[in-house]
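Below: the structure, in structure tokens.
This one's a predicted model, so the numbers in the text were calculated from it and none came from an experiment. Chain A is the first sequence line, chain B the second, and so forth, proteins listed ahead of strands; every chain is numbered from 1.
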2 protein chains.
Amino acid sequence: MRAARRRADAGPPARGGERRAAGGDVATRKRVLGAATRLFAERGFRRVTVRDICEAASANVASVNYHFGDKERLYREVVEAALETVRGFADQAMNAGLAASAEEKLVHYVRAHLVRDPRSAAARRGSVLRDLFRHELSEPTPIGSHIVEQALKPRLRYLATIVEVLLEGRASDETVQDCVLSIQAQCLLPVAAPVAFDMAAPRTRAELERLARHVVAFSLAGVRARTP
Amino acid sequence: MRAARRRADAGPPARGGERRAAGGDVATRKRVLGAATRLFAERGFRRVTVRDICEAASANVASVNYHFGDKERLYREVVEAALETVRGFADQAMNAGLAASAEEKLVHYVRAHLVRDPRSAAARRGSVLRDLFRHELSEPTPIGSHIVEQALKPRLRYLATIVEVLLEGRASDETVQDCVLSIQAQCLLPVAAPVAFDMAAPRTRAELERLARHVVAFSLAGVRARTP
DNA sequence: GCCTGTATAAAACAACTGTTTGAACCGTCA
DNA sequence: TGACGGTTCAAACAGTTGTTTTATACAGGC
């Protein structure tokens, strides 16, 4: 990304051919992608070196550039995959509760953010995006705002529909937005700022359940207080 | 921090003598400190180079190491100064409202976080710490947890005393902590995650005032809902 | 006057970074 | 078998970073 006289486009068969013919196993590319996913989620884009990734993947230093062009395109692919995972996941959750009341949907929404079972594979993959997002918070890059656009905004829109119902459709757009922010803040902060709360915030599953119930009760009362 | 065979301790007269005798003006050290404060607040520790700082301060590359030992100790001094500024500032705010009701204190607390007058010098210096803190969120370092310890924890304790009164002293410690988290989350998120809200969140002074009023109303109702 | 200690400047250093190179490897197919 | 094409590898490259060195300027004490 820094050096380079000009080139950047040698690599594999144009990425899209996807055939990966010769006996060389497909494994390397996948191993690199996996290691990169784990490391980027752990430390963020800048604090991971190409050498770290390749070592973790038992691959040569050149493999990142060979298979992905450069470090940034590798990162984009990691982010894209994480977004894809979460997308299906979230659509499903939103559709599953179509028949539920607004209160029940709120319960579901809050719990989905605050209490995740770390043993579930889906949650573990979801946490990759969450970690990537957290790192992006302090270093705004084009990719960071892409995550916001793709993952956060749809959630905010969904939450707004819930809040509108809770407000009985009688409140202004501004009030809806304010309530959405209040609720989302409670869902996001323990995630966005673990440093700030790892001493005060709950850790065990049961405590997270309690916190989720609290956030729902607190927020329902808050929203009702703003109902005209 | 990376290179260096061993040494790291030449520098000025042991830092503490503070006499800075000869005609060479004291200015350089101060200029470097000022530039570093601005740049660290803007971009965080890792994304600022010693050369950036020295160029901004119109000083030689060596001046950071000469006057502060190394980049990290310069950073610590910046953080320490910002903490000191905010400390007096916060103590004063807390004492000023001793006679106020819990509701009034809450109003004051929320407004202090959400609506700051950028024209006030105190607020501008306070925002340095806020920015440093924001950058620390995603890269936990010893210094980051030091900021939490020195700046955030006292606020949480203060907020807890307010909430206890609002709960009429009848709620459990857990409930108090939950409410504190709900309120602090609303105060902190627009700060911690501007990326997430710069499209949805208010920007003008008047909008921030409105948001602050909302957060107070929302939170008061939330707390009351949790009063036994 | 000279010597001493502080401050600044320019250049060099060593480690680290992303990237590129050129040779070697190894299946496939003619 | 031998050329071919995708893949891997060790080494090198060029730029950046924090830090150190060496030299110089300049004040005050003797």
Is there a side-chain contact between [X] and the phosphate of [N], meaning an N or O under 4.0 Å from OP1 or OP2?
X: B:Tyr66; N: C:dT8; value: no
X: A:Thr28; N: D:dT8; value: yes
X: B:His67; N: C:dT8; value: yes

Let me know the distance between [atom1] of [X] and [atom2] of [N], rounded to the nearest Å.
X: B:Arg46; N: D:dG18; atom1: CZ; atom2: C1'; result: 14 Å
X: A:Asn65; N: C:dT19; atom1: CG; atom2: C1'; result: 5 Å
X: A:Asp70; N: C:dG18; atom1: CG; atom2: C1'; result: 9 Å
X: B:Arg47; N: D:dG18; atom1: CZ; atom2: P; result: 14 Å
X: B:Leu39; N: D:dG18; atom1: CG; atom2: P; result: 12 Å
X: B:Lys71; N: D:dT17; atom1: NZ; atom2: P; result: 9 Å
X: A:Glu55; N: D:dC9; atom1: CD; atom2: C1'; result: 15 Å
X: B:Arg31; N: C:dA7; atom1: CZ; atom2: C1'; result: 12 Å

Review point. When rounded to the nearest 0.5 angstrom, what is the spacing between OH in B:Tyr109 and CZ in B:Arg155?
Key: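 It is 6.5 Å, given to the nearest 0.5 Å.
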**Study point:** Backbone N/O of A:Val48 and side chain of A:Lys71: donor-acceptor pair under 3.5 Å
**Key:** yes
Practice item. Spell out, as yes or no, whether a donor-acceptor pair under 3.5 Å connects the side chain of A:Ser127 to the backbone of A:Arg130. Key: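 Side chain of A:Ser127 to backbone of A:Arg130: no pair is present.
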Review point. Side chains of A:Ser182 and B:His214: do they bring a donor and an acceptor to under 3.5 Å?
Key: yes
Point to revise | Minimum-distance nucleotide (side-chain atoms of B:Val50 versus C:dT17, D:dT17, D:dT19) | key: D:dT19
**Study point:** Pairs flagged by salt bridge (Lys or Arg N to Asp or Glu O under 4.0 Å) wherever residues 141-150 of chain A is involved - sequence neighbours left out
**Key:** A:Glu149-A:Lys153
Kindly give the atom pairs (protein nitrogen or oxygen, nucleotide nitrogen or oxygen) under 3.5 Å for nucleotides 10-12 of chain C.
from	atom 1	to	atom 2	distance (Å)
C:dA10	N7	B:Asn60	ND2	3.2

Check your understanding: If you measure from the Lys or Arg side-chain nitrogens to the Asp or Glu carboxylate oxygens, is any gap between A:Asp52 and A:Arg47 under 4.0 Å?
Key ->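 Salt bridge: no.
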Review point. When you check the gap from the basic side-chain N to the acidic O, do A:Arg205 and A:Glu209 get nearer than 4.0 Å?
Key: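 Yes, A:Arg205 and A:Glu209 are salt-bridged.
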